[in-house]
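For reference, the structure is listed below as structure tokens.
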Protein chains: 2
Amino acid sequence: MSQDGVDLETSLGYLLKEASSVLRAAMEEVLRPLGMSVTHYSCLELLAQRPGLSNSELARGAFVTRQSMNVLLQALERDGYVSRPAEAPVGKVLPARLTPRGRRSLEKATAAVRSVEVRMLAGLSGDEQAAAFRVLRSMVHSLRDGA
Amino acid sequence: MSQDGVDLETSLGYLLKEASSVLRAAMEEVLRPLGMSVTHYSCLELLAQRPGLSNSELARGAFVTRQSMNVLLQALERDGYVSRPAEAPVGKVLPARLTPRGRRSLEKATAAVRSVEVRMLAGLSGDEQAAAFRVLRSMVHSLRDGA
DNA sequence: TGACTCATGTCAGCATTCTGACATAGATTG
DNA sequence: CAATCTATGTCAGAATGCTGACATGAGTCA
């Protein structure tokens, strides 16, 4: 079972993918009744915490391309969850903001997502969470600028 | 910045998504020159470690639907990386196996992916990795059967 | 045995995301 | 000042994955 090669069962990368997959599924499950996808929710949450973010910044924050985020933003704008000025105040960057409707929609979603996080962290001590936090941050850092 | 709600900067769920995203990008980068996607590689690696896996089992192991894996498997079979019997030995389950060509193709990919894992784990002690492993496994477990 | 449930392989259609490309605005650099 | 580089918003086409659906084989149970 564990020959020379990397064994999937003990690979941190594989487990990382599994955890991310299970988390995504759990979030989709609680967001679906609200008619919201994970990327959809991420966009609203980002705008709530940092109003005025541009399309490209939102894309980076939600880990999708700016083209994908643009499609989503146009839909959110059309449905009245988000507003953007008709012309860019400076350069080409269009700062986006939540409308009251967007804020209301986000409230329910946040409660749903929070319940998932609580369930996910059940049975874990603060020390364990902090340790995992450090390790994940180290991984991200090493993979990003390490060539 | 950190009001009542969950702050993305300190959310373990968000960091998990980020780490997974960065890992996936790093893997895609080293696999692209080999003409291989991450799911493609996952399928081959699973078959190397557990020959005879069925389409549905491979799908679960690679975290995609069995429909998606079926499309991939048919392409791999057509191109001679994988072989499946024409008829099911028992039931409808078709056990898949790597061909010599598939094994050769996997060797290069494994080396590339291993280099990514090494880079990802650089600067982390064995204790830290073990701690992260435990936490991730706990998360997966809590999210899976917790309703 | 017969009805029921569950898992599998597979086809078709749809949704989401990505890659490629273009024009443009700001920053940088010689 | 002019050229170059970088980042942005956006459009179009392609790839990838998903949901829905169907028939079929195996196990369960009364």
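- Ranking D/dT8, C/dT17, C/dT10 by closeness to the A/Val93 side chain, first place goes to D/dT8.
- Shown here for B/Glu45 and B/Thr110, the closest heavy-atom pair between the two residues is OE1-OG1, 3.4 Å.
- Contact annotation for B/Arg32: no contact, since no heavy-atom pair falls under 4.0 Å across all strands.
- Between the side chain of B/Tyr81 and the main chain of B/Leu106, no donor-acceptor pair closer than 3.5 Å is present.
- In this structure, the side chain of B/Ser54 does not engage the main chain of B/Val93 through any donor-acceptor pair within 3.5 Å.
- Taking atom CG on B/Leu53 and atom P on C/dG9, their separation rounds to 10 Å, with Å as the unit.
- In this structure, B/Leu58 atom CG and C/dA7 atom P are separated by 18 Å, rounded to whole Å.
- For the OP1/OP2 pair of D/dT19 and a distance below 4.0 Å, the side-chain nitrogens and oxygens of B/Thr65 include no atom meeting the criterion.
- A continuous path of ILVMFWY side-chain contacts below 4.5 Å connects B/Tyr41 to B/Leu98, so both sit in one hydrophobic cluster.
- A/Arg84 has a side-chain polar atom (N or O) that falls below the 4.0 Å cut-off from OP1 or OP2 of D/dT10.
- No hydrogens or angles were tested; on distance alone, nothing pairs the side chain of B/Gln67 with the base of C/dG13 as donor and acceptor under 3.5 Å.
- Side-chain proximity of A/Lys92 to C/dT24, D/dG17, D/dT10: nearest is C/dT24.
- A donor-acceptor contact shorter than 3.5 Å is absent between the side chain of B/Arg24 and the backbone of B/Val38.
- The distance between atom CZ of A/Arg24 and atom C1' of D/dG17, rounded to the nearest whole Å, is 11 Å.
- Of the side-chain N and O atoms in A/Arg66, none sit less than 4.0 angstrom from OP1 or OP2 of C/dT19.
- With a 6.0 Å radius and a threshold of 12 heavy atoms from other residues, nucleotides or ligands, A/Arg103 has its CZ atom above the threshold.
- Contact annotation: A/Ser54 side-chain N/O to D/dT8 OP1/OP2 distance is not under 4.0 Å.
- Distances shorter than 4.0 Å separate none of the side-chain N or O atoms of A/Asn70 from OP1 or OP2 on D/dG9.
- Of the residues B/Val64, B/Thr65, B/Leu58, B/Asn55, the one that meets the side chain to side chain contact (heavy atoms under 4.5 Å, CB included) test with B/Asn70 is B/Asn55.
- Summarising the geometry, the separation between CG on A/Leu94 and C1' on D/dA7 is reported as 14 Å, rounded to the nearest angstrom.
- Summarising the geometry, the separation between CG on A/Leu72 and C1' on D/dG9 is reported as 15 Å, rounded to the nearest angstrom.
- Between the C1' atom of C/dC18 and the CZ atom of A/Phe63 lies a distance of 17 Å, rounded to the nearest Å.
- Mapping B/Met69 and A/Ser56 onto DNA chain D by nearest heavy atom places A/Ser56 at the nucleotide closer to the 5' end.
- Between B/Gly52 and B/Glu57, the closest heavy-atom pair is O-OE1, 4.5 Å.
- Of the side-chain N and O atoms in A/Gln74, one or more sit less than 4.0 angstrom from OP1 or OP2 of D/dC11.
- Summarising the geometry, the separation between CD on B/Glu57 and C1' on C/dG9 is reported as 13 Å, rounded to the nearest angstrom.
- Within 4.0 Å (heavy atoms only), B/Ser37 reaches no atom of the nucleic acid at all.
- Spacing between atom CD of A/Glu28 and atom P of C/dT17 amounts to 10 Å, rounded to whole angstrom units.
- Comparing D/dA26, C/dT10, D/dG17 by their nearest atom to the side chain of B/Val90 picks out D/dA26.
- Over its length, the helix from C/dT1-D/dA30 to C/dG30-D/dC1 turns its helix axis by 40°, as judged from the five terminal pairs at each end, rounded to 10°.
- Note on A/Ser68: a side-chain N or O is less than 4.0 Å away from OP1 or OP2 of C/dC18.
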